[in-house]
Number of protein chains: 2
Amino acid sequence: MTRSELISLIKERKSFLCVGLDTDPNKLPEHLKGQPDAVFKFNRAIIDATIDYCVAYKPNLAFYESQGIEGLIQLKKTLDYLRTLNKPVFTIADAKRGDIGNTSQQYAKAFLDPQGDFAFDSMTIAPYMGADSVTPFTVYEGKWVILLALTSNKGAFDFQYIENKENGNRLFETVLETSKQWGTPENMMYVVGATKADQLAQIRKIVPDSFLLVPGVGAQGGSLEEVCKYGLNKDCGLLVNSSRGIIYASNGEDFAERAGEEARKLQQQMAEYLK
Amino acid sequence: MTRSELISLIKERKSFLCVGLDTDPNKLPEHLKGQPDAVFKFNRAIIDATIDYCVAYKPNLAFYESQGIEGLIQLKKTLDYLRTLNKPVFTIADAKRGDIGNTSQQYAKAFLDPQGDFAFDSMTIAPYMGADSVTPFTVYEGKWVILLALTSNKGAFDFQYIENKENGNRLFETVLETSKQWGTPENMMYVVGATKADQLAQIRKIVPDSFLLVPGVGAQGGSLEEVCKYGLNKDCGLLVNSSRGIIYASNGEDFAERAGEEARKLQQQMAEYLK
């Protein structure tokens with residue numbers, strides 16, 4: 001999905017919501033537990049209930065890999081299902097990969113190649129290994145790298161705020177600045193933790209045109225208002241993720257209905273901010 | 001595998017060689033290409049030919065994920081095969097994962113849980129997200145985190161050498177120093193690129209007792225002599241990886257025999273350094 005297609009979709013649905021499909025088999029509603037394809041059935045119901053209110057789905061691969069081969073089959077079925085729908089949606093492999101150049105090429109093939117089992121529109125990448133670990137993900141037409149800049153977890157304080165002796169820039173700022181040589185706002189986005197909304201203004205100075213993927217609204221404590229205040233740009237420029245707040249809104253038989261309600265609430269707030 | 005078991009294995013085989021099973025289906029010998037289970041058959045032959053000369057195998061997951069579900073089945077078959085052998089060997093999931101705490105728990109389950117499809121002894125982790133992204137991997141008994149410190153690729157220069165304004169430490173040194181609070185030499189190793197052998201002396205000052213996983217001897221240009229000179233400690237403390245130099249020593253029908261010869265050459269050099 002190209003940048004202009006994504007912007008059109010956001011305008012059409014009046015939403016920049018991303019639903020995090022971090023589906024943990026231990027947290028499924030009782031009536032689904034133990035059924036064949038339980039994870040896929042759960043995801044399908046969540047998708048059906050939320051797709052009119054969101055523009056993106058982001059399965060975190062850890063939740064599928066932890067179930068071994070069977071988990072990855074559930075992931076493939078979920079992706080295949082999204083393709084059968086007559087509704088466009090942006091897909092994000094939350095994979096946080098990154099390796100030396102020839103190996104990153106293999107990861108890019110794994111998650112961005114349209115012929116592959118896991119053909120996403122984009123994937124998240126960790127920056128530690130630098131340029132050649134990131135650029136192989138920018139070569140697929142209409143596909144995206146989403147580079148970790150500032151994350152929303154406690155551990156973000158261990159390294160991401162370290163100030164560079166040369167220029168005083170913090171590591172996440174250096175990552176943003178340096179990576180502008182590796183891609184463009186047409187093929188590179190950034191992960192920016194929502195609990196750091198006060199940092200968004202500074203980040204917007206460095207990457208004014210780029211889309212930012214903001215995790216952590218909801219369960220991780222971020223405020224949508226703050227994120228919009230400092231993060232929105234003229235093209236929206238935001239994808240705001242909610243995972244647990246939506247997919248686990250209820251663990252009863254009404255889980256999908258309740259997920260839809262939570263997604264709709266966020267969509268309605270987003271529609272206001274988009275005006 | 002515990003630290004003392006690993007040290008015993010190194011003494012017994014007179015080797016600290018790790019064979020990188022970065023098996024690319026496009027680089028298989030012609031007679032295997034297109035066969036069912038071709039990747040597994042290749043790996044099995046490589047393992048049979050090299051296991052007496054090495055102490056560890058390190059599949060890089062990118063090469064399996066790029067083949068989708070089928071690739072992951074080949075990986076599982078390879079691991080299952082290793083378990084049927086009556087020869088202990090240390091296994092490394094070269095995965096370079098890392099995510100917020102509750103998600104890293106899922107990755108740990110995926111690759112370290114003895115009940116899972118992919119039950120490795122250890123896995124490589126990227127440090128960018130800090131403490132809570134790393135500590136979930138240290139809770140499995142006898143299993144290991146292998147944290148990226150200094151990598152062997154060109155992109156290593158983008159961020160890993162940034163000097164901290166506060167104390168002048170380079171980022172990779174801060175990663176080493178900080179992570180000592182997260183694990184011990186019993187459950188944490190470090191990736192240190194061999195092409196930076198001159199840095200090993202400094203790294204040894206920070207982590208004198210830890211095992212170092214050194215990629216990049218061979219195709220990536222590192223020198224075994226340099227690595228041993230600066231990296232060996234009283235317990236050996238090194239795992240030196242070779243991938244392409246061994247597994248693609250020949251692309252004919254003699255590929256396994258040639259791989260065995262290359263592994264044996266490295267083992268014989270290592271036996272000298274271990275004296």
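Residue numbers start from 1 in every chain, and the chains themselves are labelled A, B, ... in the order their sequence lines are given, proteins ahead of strands.
With a 4.5 Å cut-off on non-hydrogen atoms, A/V134 does not touch chain B at all. Looking at A/L148, the atoms closer than 4.5 Å to chain B (heavy atoms on both sides) sit in the backbone and in the side chain alike. With a threshold of 4.5 angstrom between heavy atoms, A/A149 approaches chain B through N, CA, C or O but not through any side-chain atom. Both the backbone and the side chain of A/T103 come within contact range of chain B, judged by heavy atoms closer than 4.5 Å. Using a 4.5 Å cut-off between heavy atoms, A/K96 touches chain B through backbone and side chain atoms alike.
Closest approach of A/D158 and B/W182 over heavy atoms only: OD2-CZ2, 3.6 Å.
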B/R244 vs A/N102, side-chain contact (heavy atoms from CB on, under 4.5 Å): CA-CA, chis, key distance, verdict: CA-CA 12 Å; B/R244 288 168 271 180; A/N102 79 317; 3.9 Å; yes

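The shortest distance between side-chain heavy atoms of A/E65 and B/L72 does not fall below 4.5 Å. At least one side-chain heavy atom of A/L171 sits less than 4.5 Å from a side-chain heavy atom of B/L171. Using a 4.5 Å heavy-atom cutoff, the side chains of A/R97 and B/R97 are in contact.
Per-residue heavy-atom pair counts under 4.5 Å with chain A were compared for B/D24, B/T174, B/V175, and the maximum is reached by B/V175. Looking only at heavy-atom pairs under 4.5 Å with chain B, the residue among A/A108, A/S66, A/G68, A/A110 that has the most is A/S66. With chain B as partner, the option from A/N164, A/T178, A/I162, A/L75 having the largest number of non-hydrogen pairs under 4.5 angstrom is A/N164.
Proximity to chain A at a heavy-atom threshold of 4.5 Å picks out B/P127, B/Y128, B/M129, B/G130, B/A131, B/D132 from residues 123-133 of chain B, in numerical order.
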Please report, to 0.1 Å, the donor-acceptor pairs under 3.5 Å made by any side chain of residues 111-118 of chain A, with sequence neighbours excluded.
from: A/D113; atom 1: OD1; to: A/Q115; atom 2: N; distance (Å): 2.7
from: A/D117; atom 1: OD2; to: B/I69; atom 2: N; distance (Å): 2.8

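The side-chain contact (heavy atoms from CB on, under 4.5 Å) test with B/D99 singles out one residue from A/L61, A/N60, A/N153, A/T151, and that residue is A/N60.
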